[in-house]
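Have a look at the structure below before the remarks.
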Amino acid sequence: MAGFMASYVIEMQLSRPSEITIGALGCIRFQAGRYLYVGSAKRGWDARIARHMAPEKKLRWHVDYLTTHPQVVLQRAWMSEQDQECVTAQQLLLLPGVEVALPRMGASDCQCAAHCMRATHILSVRHRLKTLHYQLWQPPTKRSS
């Protein structure tokens, strides 16, 4: 399966307005609310999603600064076995109540407005994800010996 790519969406909740330093982008003011991050992985997507869902990790990508902030609670992850990262970001941004969290955040290698967004109507987001063939991600279970 050379070149196989999976897409995912991370849901997180910021409990109160916060100033968060996002790497070289500097200190950014985020409103309280639900945030989404759309990403993809060519292989090892379970490990990639698990990394994003971990509250502590080495800060590598811009979204890591958001997911490790003490006021952010990681809610759930969605996964699609289709390569549709940009399509998903664009479709979500068309929904009422979904807006760019920070221009170009998570979209440095494409032409999307952003892959990190704030959503006030999470049920419509979840419905759209289902129509795009996303399913709730479950961490892989460890096999006992």
Side-chain angles (χ1 to χ4, degrees), residues 3-142:
F4 180 73
M5 185 92 98
S7 303
Y8 57 86
V9 176
I10 306 297
E11 279 185 43
M12 57 201 115
Q13 179 76 34
L14 180 60
S15 59
R16 65 177 190 236
S18 300
E19 291 186 0
I20 303 173
T21 299
I22 306 290
L25 298 176
C27 189
I28 309 296
R29 179 108 174 129
F30 287 87
Q31 299 176 43
R34 184 77 52 135
Y35 285 83
L36 308 165
Y37 173 74
V38 182
S40 64
K42 285 188 181 177
R43 54 182 156 48
W45 52 84
D46 277 327
R48 174 76 60 93
I49 296 169
R51 182 189 186 286
H52 282 308
M53 296 301 286
E56 296 181 18
K57 62 195 128 237
K58 181 178 178 182
L59 303 178
R60 180 181 294 169
W61 293 292
H62 285 144
V63 71
D64 293 343
Y65 294 87
L66 189 58
T67 60
T68 58
H69 192 274
Q71 298 302 319
V72 171
V73 176
L74 297 160
Q75 301 283 308
R76 67 187 75 203
W78 297 82
M79 192 188 114
S80 167
E81 292 187 3
Q82 298 177 30
D83 180 5
Q84 57 181 348
E85 178 182 7
C86 291
V87 168
T88 300
Q90 293 162 7
Q91 286 291 307
L92 294 179
L93 284 168
L94 291 174
L95 294 173
V98 178
E99 61 190 19
V100 169
L102 180 63
R104 309 282 305 136
M105 185 172 167
S108 60
D109 58 350
C110 66
Q111 297 301 312
C112 294
H115 284 208
C116 185
M117 52 209 73
R118 185 170 177 270
T120 56
H121 302 294
I122 197 63
L123 293 180
S124 63
V125 167
R126 291 175 182 165
H127 177 72
R128 180 61 50 94
L129 290 174
K130 288 176 185 176
T131 65
L132 292 170
H133 307 289
Y134 279 81
Q135 297 180 349
L136 276 176
W137 174 78
Q138 297 294 323
T141 57
K142 294 186 179 186

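A quick note: this is a predicted structure, and the numbers were derived from the prediction, not measured. In what follows, every heavy atom counts, from backbone to side chain, and hydrogens, waters and symmetry copies are set aside.
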- So CD of Gln90 and CD of Gln111: to nearest 0.5 Å the spacing works out to 10.0 Å
- Task: Indicate the atoms forming the closest heavy-atom contact of His69 with Glu19, along with that distance.
- Result: NE2-O, 4.1 Å
- Message: For the CD atom on Gln135, are there more than 12 heavy atoms of other groups (residues, nucleotides or ligands in this structure) within a distance under 6.0 Å?
- Response: no
- With no hydrogens and no angle check, do the side chains of Gln71 and Ser15 hold a donor and an acceptor under 3.5 Å apart? yes
- Is Asp64 salt-bridged to Arg51, going by a charged N under 4.0 Å from an acidic O? yes
- Message: Is it the case that the side chains of Thr88 and Tyr134 hold a donor-acceptor pair, with the cut-off being a distance below 3.5 Å and no angle test?
- Response: yes
- Under the 3.5 angstrom rule, does the side chain of Arg76 hit a backbone N or O of Val9 as a donor-acceptor pair? no
- To the nearest 0.5 Å, what is the distance between OH (Tyr65) and CG (Leu59)? 5.0 Å
- Crowding at NZ, Lys57 (>12 non-hydrogen neighbours, <6.0 Å): yes
- Item | Distance flag, aromatic centroids of His52 and Tyr8, threshold under 6.0 Å | yes
- Message: Looking at every heavy atom in both Ile22 and Ile28, which two are closest together, and how far apart are they?
- Response: CG1-CG1, 4.0 Å
- Does atom CZ of Arg29 have more than 12 heavy-atom neighbours from other groups under 6.0 Å away? yes
- Among Tyr37, Tyr35, Trp78, whose side-chain hydrogen bond (donor to acceptor under 3.5 Å, both in side chains) with Glu11 holds? Trp78
- Message: Could you measure the distance from the NE2 atom of His115 to the CZ atom of Arg104? Nearest 0.5 Å is fine.
- Response: 8.0 Å
- Query: Measuring from Leu94:CG to Arg128:CZ, what's the distance to the nearest 0.5 Å?
  - Reply: 7.0 Å
- Item | Any donor-acceptor N/O pair, Ser18 side chain to Phe30 backbone, under 3.5 Å | no
- Task: Among Ser7, Ser80, Ser40, find the residue that satisfies the side-chain hydrogen bond (donor to acceptor under 3.5 Å, both in side chains) test when tested with Glu85.
- Result: Ser40
- Separation between NE2 (His121) and CZ (Arg34), nearest 0.5 Å, reads 13.0 Å
